[in-house]
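Following: one structure in C-alpha cells, then a few remarks.
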Protein chains: 2
Amino acid sequence: MNQVRETVLKSFATAAHDHGRCIKTALAKAEQACVTSGKRLTPLRRRVLELVWGSHEPVKAYELLALLGQEREQAAPPTVYRALDFLQDAGLVHRIASLNAFVGCGEPREGHVSQFLICTACGTVAELADPALSSRIADCAERLGFRVARETMEIEGTCRNCQKTGKAGDHA
Amino acid sequence: MNQVRETVLKSFATAAHDHGRCIKTALAKAEQACVTSGKRLTPLRRRVLELVWGSHEPVKAYELLALLGQEREQAAPPTVYRALDFLQDAGLVHRIASLNAFVGCGEPREGHVSQFLICTACGTVAELADPALSSRIADCAERLGFRVARETMEIEGTCRNCQKTGKAGDHA
DNA sequence: ACCACTGGCGTTACTTAATAACAGACAGGC
DNA sequence: GCCTGTCTGTTATTAAGTAACGCCAGTGGT
C-alpha cells in the first residue's frame, strides 16, 4: 500500500504552518508552471490565484468577486469566472463541486486527479493524491467498459484537530 | 477483489431495459423503505421521486419544477427542493454535485455511499457501490486521523455504448 | 508601416440554483 | 375542541454561472 502524500499532512496542520510562505511557494510554482507550458499568468489571474490561496479553506466565486471589487472598480462575475477557468485548466486550482468553491492546488499538473478531504467543522480542505484509489477506480471502470476522463472525490468529515477540540461548526 | 455490483450493469444497459418496470420497482421499494422507517412519502414527494426516476439520466431541480408546473398550478422552487431534501435524507435519491442534478437510488438505505460513473456522451449515470473503494478511502482517512462522514465520488467518462457508437455529446 | 488576427478583459443582461421567511392547511394526540 | 408538529403554498432574495458583444493590446505577416 502506498504512502499517503505529504500534501495532506501539511494542509491539516493549519494552526502551525506559516501560510504567508505557503502562498509564496504556491505562486512561485504557478508562475514556473505557466512559463513551462507557455500559458499566460496575467496580473488579474495571478491576483485571483493569490486570493484563492488566502487560506486552505475553499473560496466561493462570489467571495472572490467581492474581494476583487474592493481593489479595483471593475469586477463582474465573468472577470472572476474567466480567471478561475484558466486556473483550473492550468491545474492551479481545483473546483470543489459539492461546495461550489475553489481551492489552490499544491502540485500543479494538468489532468491532475482531484481527491479531497473536507473538514465540515473547520472548513479546511486537504488534497489527497492516492494512486491506489485512482487505480481501483480505473479497475472498476474498465470492467464495465467505461473510459474514465475525470474523477472527482470529495470526502466530508472531521479532521483530527476538530475531533479533539470537539468543534462542530457548519462548514458543510 | 470484489465483484462489481449488478446495479451498474443494469443502468448502462439502457437500450434494452424496461424502464417502466424499473420505475415501478423503485417506487415500490421506496414506499416500503418509508413505511419501515416511519417516514411519510406524501403524494408530492412520491411524484417528485417518480419524475426523478423518469430516466437514468440526472435530472435538474428546475426541470422537475417545470414538469411539476405542468400538472399543478402551484410549483415554486421550495416545492421541489423540499421534496428533494426529503428524498435525499431518506436515501431515495442522490444529488450529483458536479452536475447540480439528481438521480434515483436503486437501493435505498440511509448513509449510503455515493459513487457514480457519469457518461458525458449520453448523460447516463450508473451507481457504483464498491466496498473496496470505500474501505481504501477509510484507510487513507484514518491514517490522517480524519473521520469520514460522507463520501462523494463522481467519475466522468464514456460508457461502453458511446465508445462504440463514437458519440461525443455534451452531457458534461 | 500597415493590416489582420488573437487573446484577455470590460460590460450588460440573463438563466439557473438554492434558500429564507412567513402563512395556511391538515393530521394526530390529548 | 384544541394544541402541536409537519407539510405545503407563497413571496422574495441571494448565489452561481453563462451568453453575447465590443474594445484594446500584442503578435506576426507582408
Side-chain angles (χ1 to χ4, degrees), chain A residues 30-31 34-35 37-49 51-52 57-90 92-103 123 152 154 170-172, chain B residues 30 34-35 37-49 51-52 57-90 92-103 123 154 170-172:
Chain A
E31 219 134 337
C34 285
V35 169
S37 62
K39 284 180 172 146
R40 297 179 47 193
L41 190 61
T42 64
L44 176 61
R45 291 167 175 175
R46 202 192 132 88
R47 183 63 187 133
V48 170
L49 180 57
L51 291 172
V52 169
E57 300 188 20
V59 189
K60 307 226 155 202
Y62 276 63
E63 286 171 15
L64 291 172
L65 190 52
L67 292 171
L68 275 182
Q70 289 170 8
E71 55 196 49
R72 43 166 67 212
E73 280 309 290
Q74 344 77 289
T79 307
V80 75
Y81 280 106
R82 280 195 286 236
L84 287 170
D85 283 346
F86 169 86
L87 295 170
Q88 276 182 94
D89 285 346
L92 300 172
V93 307
H94 287 289
R95 192 181 116 90
I96 312 235
S98 60
L99 304 176
N100 291 336
F102 302 82
V103 284
T152 301
E154 295 168 12
D170 191 18
H171 288 258
Chain B
C34 285
V35 170
S37 62
K39 284 179 173 147
R40 295 180 48 195
L41 189 61
T42 64
L44 176 63
R45 290 167 175 175
R46 201 192 131 87
R47 183 64 188 133
V48 170
L49 180 57
L51 291 172
V52 170
E57 299 188 22
V59 189
K60 306 227 155 201
Y62 276 65
E63 286 171 13
L64 291 173
L65 190 53
L67 292 171
L68 275 182
Q70 289 171 7
E71 54 196 51
R72 43 165 68 212
E73 280 309 290
Q74 343 77 290
T79 308
V80 75
Y81 279 107
R82 280 194 288 235
L84 287 170
D85 282 346
F86 169 85
L87 295 170
Q88 276 182 94
D89 285 346
L92 300 173
V93 306
H94 287 289
R95 192 180 116 90
I96 312 236
S98 60
L99 303 176
N100 292 334
F102 302 81
V103 285
E154 296 168 11
D170 191 19
H171 289 257

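Order of the sequence lines sets the chain letters (A, B, ...), proteins ahead of strands, with each chain counted from 1.
In this structure, CZ of Arg47(B) is placed 15 Å from P of dT8(D), rounded to the nearest angstrom. The nearest whole Å value for the distance from the CG atom in Leu84(B) to the P atom in dA17(C) is 12 Å. Between the CG atom of Leu44(A) and the P atom of dG7(C) there is a distance of 17 Å, rounded to whole Å. Note: CG (Leu41(B)) to P (dT6(D)) measures 17 Å, nearest angstrom. Summarising the geometry, the separation between CG on Leu65(A) and P on dG10(C) is reported as 11 Å, rounded to the nearest angstrom. Rounded to an integer number of Å, the gap from Gln74(A) CD to dC24(D) P is 14 Å.
How far CZ of Arg82(A) is from CG of Leu44(A): 9.0 Å, rounded to the nearest 0.5 Å. Atom CG of Leu49(B) is separated from atom CZ of Phe102(B) by 12.5 Å, given to the nearest 0.5 angstrom.
The phosphate of dT8(D) (OP1 or OP2) has no side-chain N or O of Arg72(B) nearer than 4.0 angstrom. Listed pair Thr79(B) / dT8(D) fails the phosphate criterion, with no side-chain N or O lying under 4.0 Å from OP1 or OP2.
When atom types are taken as modelled, the side chain of Arg45(B) and the backbone of Arg40(B) share a donor-acceptor pair closer than 3.5 angstrom. Looking at Lys39(A), its side chain never comes within 3.5 Å of a backbone N or O of Leu87(A) through a donor-acceptor pair. Between the side chain of Glu154(A) and the backbone N or O of Ala97(A) there is at least one donor-acceptor pair closer than 3.5 Å.
The shortest non-hydrogen separation linking Leu41(A) to Phe86(A) is CD1-CE2, 4.2 Å. Counting all heavy atoms, side chain and backbone alike, Val48(A) lies closest to Ala83(A) at CG2-CB, 3.8 Å. In terms of heavy-atom proximity, Arg47(A) sits nearest to Leu68(A) at CG-CD2, 4.2 Å. In terms of heavy-atom proximity, Leu84(A) sits nearest to Ala61(A) at CD1-CB, 4.2 Å.
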query = Once each nucleotide of nucleotides 20-27 of chain C is scored for protein heavy atoms under 4.0 Å, what B/S/- sequence comes out, 5' to 3'?
reply = BB------
Enumerate all atom pairs, one protein N or O and one N or O from nucleotides 14-16 of chain D, separated by less than 3.5 Å.
from, atom 1, to, atom 2, distance (Å)
dA16(D), OP1, Lys60(A), NZ, 3.2
dA16(D), N7, Tyr62(A), OH, 3.0

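Across dG10(C), dT8(D), dT12(C), the shortest atom-to-atom separation from the side chain of Ala76(A) is found for dT12(C).
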